[in-house]
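Since the structure comes first, as structure tokens, the remarks are kept for the end.
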Amino acid sequence: MTPALLDRRSLFGAALTLVTLPAGAAESLKPEVDAAIREQIGGVAATEGGIALRAPETAENGAFVPVTVSVHTAMTGGDRCRAIHLFATNNPTPGIASYSFGAGIARAEVSARVRLAEGQTLLAYAVMADGSVRRAAARIAVTTGGCLT
Amino acid sequence: MTTPRIRVPSSVKAGEAFEVRTLIDHPMETGLRQQTGQTGPRRMITRFEAHADGEPLFAADFRNGTSANPYVAFIARFTKTTTVTFLWQEEDGREHRASQSITVA
């Protein structure tokens, strides 16, 4: 009985992942979003994977959405993350914040609170010490827009 | 208004990872938000820096998408007792500072 339940749950989880990842990757960005991303990371092509963006599926208050970005890196020697950049794809202006890490940082992880005008996809980019760039996306539904409160 | 709040352990083990949580009371008014049909004047903190004994530890550039009362948490690791200084800079030049000593046992 329990294994059947677990199976169904994991199947459901797998289906969700399959649906959301290609949608996020295929989504074409608005020109101003693309420009804001280029301004921070240049023309480097980002790869998916090695970065996690944790955010609620539904945010009741768009003025205050908790997000955490963590990058899978040892933060030692050449294997480190230099900076994380966050963008909103459907806000009046796309920039949320950029975070940069110095020598005393133990993990390439940052938690913050972001403002979202409406339901949209949030993008996180991690710039690594070797110049490579990783990307993660999260779709967030917003009940009350952050520009109203 | 603009009171920084820092949450760190007062004592950690050498090399142990610990979370540094920071928050500053601030409206982060973008100048774009409409309230009863009007937009208020823009007032933003655009830069946050944390230094460990004077060395750059963590920095953030805040843009319009950062919430009011900007909260930032990051994870540090020290090998010796360290004083961390925190600085928030507003776009108009106003600055807010805080510092916290972390004892490495």
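Convention: sequence-line order gives letters A, B, ...; per-chain numbering from 1.
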Give a yes or no on whether [X] and [Y] share a hydrophobic cluster (residues Ile, Leu, Val, Met, Phe, Trp, Tyr; joining criterion: side-chain heavy atoms under 4.5 Å apart).
X       : Y       : value
I24(B)  : F48(B)  : yes
V44(A)  : Y125(A) : yes
V69(A)  : L123(A) : no
F87(A)  : I41(A)  : yes
L116(A) : I37(A)  : no

S111(A) side-chain N/O to A73(B) backbone N/O, donor-acceptor pair under 3.5 Å: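 The answer is no, because no donor-acceptor pair under 3.5 Å joins these two groups.
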Verify, without hydrogens or angle tests, whether T93(A) (side chain) and N64(B) (backbone) share a donor-acceptor contact under 3.5 angstrom.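 Such a contact is absent between T93(A) side chain and N64(B) backbone.
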My understanding is that a hydrophobic cluster links ILVMFWY residues whose side chain heavy atoms are under 4.5 Å apart, including indirect links. Using that, what else belongs to the cluster containing Y71(B)?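 L23(B), listed by chain and number.
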Chain A contacts: which residues in residues 76-105 of chain B have a non-hydrogen atom closer than 4.5 Å to it?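 Result: A76(B), R77(B), F78(B).
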Considering heavy atoms only, which positions within residues 50-62 of chain B lie below 4.5 Å of chain A?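 Interface residues of residues 50-62 of chain B: P56(B), L57(B), F58(B), A59(B), A60(B), D61(B), F62(B).
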Could you pull out the closest heavy-atom pair between T66(B) and R115(A), with the gap in Å?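 Smallest interatomic distance, heavy atoms only, reads O-NH2, 3.2 Å.
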Side-chain donor-acceptor contact under 3.5 Å, S98(A) with R63(B):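 Yes, side-chain donor-acceptor contact under 3.5 Å.
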So which of I96(A), N91(A), V114(A) has the biggest tally of heavy-atom pairs under 4.5 Å with chain B?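 Option with the top pair count is I96(A).
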Interface residues of residues 100-107 of chain A facing chain B - heavy atom cut-off under 4.5 Å: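 Within residues 100-107 of chain A, the residues under 4.5 Å from chain B are S100(A), F101(A), G102(A), A103(A), G104(A), I105(A), A106(A), R107(A).
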Counting only heavy atoms not in K13(B) (residues, nucleotides, ligands), do more than 12 fall under 6.0 Å from its NZ?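 Count not over threshold, so no.
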